[in-house]
2 protein chains.
Amino acid sequence: MLESDFSQRGVEDTTLGRTREHVRQHNLSTILTTLHKEGSLGRNVLTQRTGLNRSTISSLVAELEALGLVEEVASTAPQGAGRPTLVVSIHDSVVAFAVAIDIDSIVVSLVGLSGRVLKTVRRRTPDAPAARTAIVMARNIINELRSDLDAGTRIVGVGVALPGQVSVSDGVVSEPAFLNWKQAPFAQRLGEEINLPVFVDNDARLGLLAEHDFGAGKPFSNIVYLVGHAVGIGGGVIEGGRPLRGTRGFAGELGHFRMSPPVNMPTAGFSGTLSTSVQRDDLLEALGETTIDDKKLEKALLASSSARVRRVVETQIDRLGIALAGLINIFNPEAVLLAGFLGILQALDPERLSESVKAHVLEQSWAQTQILRTQPGSDLLMIGTSELAFAQLLRDPGSFAFSRGANLKAVESE
Amino acid sequence: MLESDFSQRGVEDTTLGRTREHVRQHNLSTILTTLHKEGSLGRNVLTQRTGLNRSTISSLVAELEALGLVEEVASTAPQGAGRPTLVVSIHDSVVAFAVAIDIDSIVVSLVGLSGRVLKTVRRRTPDAPAARTAIVMARNIINELRSDLDAGTRIVGVGVALPGQVSVSDGVVSEPAFLNWKQAPFAQRLGEEINLPVFVDNDARLGLLAEHDFGAGKPFSNIVYLVGHAVGIGGGVIEGGRPLRGTRGFAGELGHFRMSPPVNMPTAGFSGTLSTSVQRDDLLEALGETTIDDKKLEKALLASSSARVRRVVETQIDRLGIALAGLINIFNPEAVLLAGFLGILQALDPERLSESVKAHVLEQSWAQTQILRTQPGSDLLMIGTSELAFAQLLRDPGSFAFSRGANLKAVESE
DNA sequence: CCTTTTTGTTGTCTATGACAACTTATATCC
DNA sequence: GGATATAAGTTGTCATAGACAACAAAAAGG
């Protein structure tokens with residue numbers, strides 16, 4: 001099953017006329033989405049938030065309850081005088097699978113509609129997996145998790161986070177940065193294997209999506225996001241509350257942001273793109289390490305007193321600042337979010353990064369921009385990936401067709 | 001009168017609940033906007049376009065007619081068998097003023113709700129005008145035009161296009177590229193003078209908006225736009241059908257796009273940006289000219305057989321290509337629109353420009369991108385500017401309060 | 001235990017788009 | 001030129017979703 005209706009949040013065909021049913025759909029969607037993003041809320045909060053009448057909320061919540069999407073429980077914490085409000089919570093009997101494929105591992109999470117990660121399976125791969133290998137491994141893990149599910153559990157689908165360029169319209173992986181796949185119709189193949197709707201997107205965009213909905217980016221609607229991987233740098237942009245996509249979904253690949261002219265122009269210093277100018281491996285090399293994770297890398301950098309390490313760090317911070325300045329000039333964001341080893345760089349010397357940006361940015365564009373680091377080591381990428389699969393349900397809760405949890409066609413046929 | 005509710009097309013607070021009246025508002029808005037963008041349409045076309053029932057269209061059109069916004073006329077051209085359809089047209093008794101302030105002139109147009117430019121007054125200024133001068137001149141021209149209006153004419157407001165950074169939230173001009181104004185509260189001042197709502201925005205963004213709605217950009221919803229001025233290069237981006245704005249409205253200033261690494265020497269202005277790398281003056285210099293308009297410049301470039309001119313043109317095309325490649329990597333647009341002298345460069349040698357882009361772009365991002373030139377010498381900037389003032393009316397036709405055409409408070413007090 | 005306060009429920013009302021039957025107006029065919 | 005076919009506008013009825021108001025319920029506080 002390949003789904004072509006991807007998570008185009010906020011993209012509505014405004015030329016269309018709206019009917020009464022659209023109102024209902026919109027309001028159901030609003031309530032479910034609000035609960036999804038903010039957790040359990042009292043009915044009173046929902047009335048305030050939506051501006052709808054109490055009776056309307058009552059009717060809408062009842063409908064969502066009938067759909068088996070939410071449940072109402074008596075509030076535990078007392079809230080002062082008056083009749084206590086009922087708290088509306090999202091059922092985690094509705095789930096999605098999130099698959100993240102990385103250079104050395106495949107991770108599959110089971111994520112509930114509440115946005116909680118219920119289970120995670122990480123399986124290492126000997127090398128960067130070929131497309132076929134990745135599909136088979138993902139299928140196997142999903143089927144294992146699937147067979148453990150309660151009978152009543154309903155699955156909305158599978159979201160997949162891939163590094164590199166992913167064509168969102170047809171789920172074809174065009175140029176995966178680390179995996180060396182070429183035009184792999186990943187979504188379709190995996191969909192056929194597991195008989196579930198599969199949605200594919202760029203991992204950086206999904207990470208950003210999760211940061212925007214649940215993480216450090218929550219307060220902002222204009223964000224520039226950069227994530228430093230073991231190899232390469234991914235990026236994404238939120239503009240006006242919506243992710244930048246471009247025609248085929250290739251927009252916002254900020255790792256390719258050019259920092260020096262490719263040819264024929266006077267270079268002064270370094271050359272290449274952000275990905276080639278700021279590399280995690282250079283930090284490892286300066287430290288004399290080969291392979292360590294971000295947590296250890298940060299510790300090592302903090303502990304090190306080597307002049308060489310300091311020089312490398314400073315160079316990278318300066319370069320990062322120049323790139324950020326260019327991006328801030330273009331996007332005028334409220335916040336810049338740095339993840340992965342770029343977050344470490346920022347944490348090591350926020351002042352220096354700030355100064356480097358300041359030296360190369362348009363004053364006005366920069367005036368209200370904050371540079372923030374994301375919370376390291378969180379589940380947010382998996383949550384963002386599951387959002388891909390939840391999107392349709394959240395957009396139109398009334399008419400969504402689930403896949404059955406127990407019906408393990410793929411397992412049976414193995 | 002300063003208006004803080006600017007043209008945030010497509011930005012809806014989706015967390016809000018919708019009621020029945022919103023449906024009506026949406027549908028009225030849809031019909032009026034469709035007519036505004038596409039001109040007179042038959043009622044049958046409206047039904048197809050909106051998907052609404054004939055009877056509903058009837059009711060909606062009747063309401064718009066009662067509001068004095070549209071009129072129905074019998075179709076002139078016969079359309080085959082069957083009862084002829086009534087054509088719905090927009091009244092041009094609803095108007096806006098569009099003001100464009102340039103380095104050597106101030107232009108004010110009277111634009112009808114149909115999107116037609118009804119009158120234009122261009123007044124040269126001895127030098128780049130100071131903010132006060134510009135306000136006084138704009139006020140005077142507006143008042144002249146205003147006193148000529150029919151009694152029944154209703155004015156929605158004034159849109160102003162300014163070069164450089166404009167803070168859309170409060171109408172303060174932060175860093176006007178050519179005018180050397182500093183933090184001028186332009187919108188407020190002009191609003192006080194003429195007692196009309198005033199909306200200010202960056203001229204490049206408004207040019208792009210018009211290209212998107214009425215010009216070469218109509219078929220696309222992801223556009224990168226660059227306009228070459230006499231001095232400097234402006235830019236804008238349409239992403240997912242909406243203009244890029246950023247936090248304060250400074251996003252999309254692509255003229256500052258960096259093409260070579262910043263030298264640590266503090267030069268006056270930025271070195272190595274698109275604006276400084278591709279300059280109209282260099283073309284003039286090579287031609288041995290001093291001041292000519294774009295039309296003559298194009299002729300002269302086409303006629304010239306000088307090797308020096310060719311070299312300059314080729315260099316500029318190559319550099320433009322590099323910049324475009326960088327922007328295409330970031331935005332993955334459907335189309336790149338080039339206006340002003342950049343359009344001339346493209347027309348001179350589309351192949352070369354294409355090759356230059358191709359050499360530096362990510363293959364996948366570029367695969368479906370077209371490079372187009374805008375129609376030179378059109379009224380589109382003024383139309384785009386008027387859109388600023390029309391936006392509110394188009395968004396909620398039912399509850400819009402007009403300013404009276406005849407009530408010339410400002411004129412009387414002179 | 002009664003009052004106060006807040007919240008949920010129920011029944012009625014209104015507005016809006018859908019639908020279907022009817023009317024109108026033109027083109028075409030004989 | 002009149003009958004017929006075709007397309008489009010009009011009108012009245014219907015269904016539905018949210019607003020509103022009155023009422024009931026469930027605590028907290030005296």
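Basis for what follows: all heavy atoms, side chains included, without hydrogens, waters or symmetry-related copies.
Proximity note for Pro84(A) (side chain, C-beta onward) versus dA8(D), dA19(D), dA26(D): the nearest is dA26(D). Of the candidate nucleotides dT10(D), dT9(C), dT7(C), dT7(C) has the atom lying nearest to any side-chain atom of Arg83(A). The side chain of Asn44(A) has dT7(C) as its nearest neighbour among dA19(D), dC19(C), dT7(C). Distances were taken from every side-chain heavy atom of Arg43(B) (C-beta onward) to each of dG8(C), dG18(D), dG9(D); the shortest belongs to dG9(D). When the nucleotides dA17(D), dT16(C), dA19(D) are ranked by their closest atom to the side chain of Val23(B), dT16(C) comes out on top. Listed candidates were dT7(C), dG17(C), dA21(C). Nearest to the side chain of Arg54(A) is dT7(C).
The nearest whole Å value for the distance from the CG atom in Leu52(A) to the P atom in dG18(D) is 7 Å.
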What nitrogen or oxygen pairs link the protein and nucleotides 11-15 of chain C at under 3.5 Å?
none

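Contact annotation: Thr56(A) side-chain N/O to dA19(D) OP1/OP2 distance is under 4.0 Å.
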* For DNA chain C, produce a single dot-bracket line, 5' to 3'. Pairs: Watson-Crick or G-U wobble, both distances under 3.5 Å. Symbols: ( ) within strand, [ ] crossing, | other strand, . unpaired. => ||||||||||||||||||||||||||||||
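Considering only residues two or more places apart in sequence or on other chains, Phe220(A) meets the ring pair (Phe, Tyr, Trp, His ring centres under 6.0 Å) condition with none of them. With sequence neighbours excluded, the residues forming a side chain to side chain contact (heavy atoms under 4.5 Å, CB included) with His91(B) are Glu71(B), Ser93(B), listed by chain and number.
Screening residues 32-53 of chain A for ring pair (Phe, Tyr, Trp, His ring centres under 6.0 Å), with sequence neighbours left out, gives His36(A)-Phe214(A), His36(A)-Phe390(A).
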* Carefully, step by step, assess Ser59(B) and Arg24(B) under the rule side-chain hydrogen bond (donor to acceptor under 3.5 Å, both in side chains). => CA-CA 10 Å; Ser59(B) 158; Arg24(B) 189 71 169 185; 2.7 Å; yes
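Residues of residues 61-73 of chain A having a heavy atom closer than 4.0 Å to DNA chain C: none are found.
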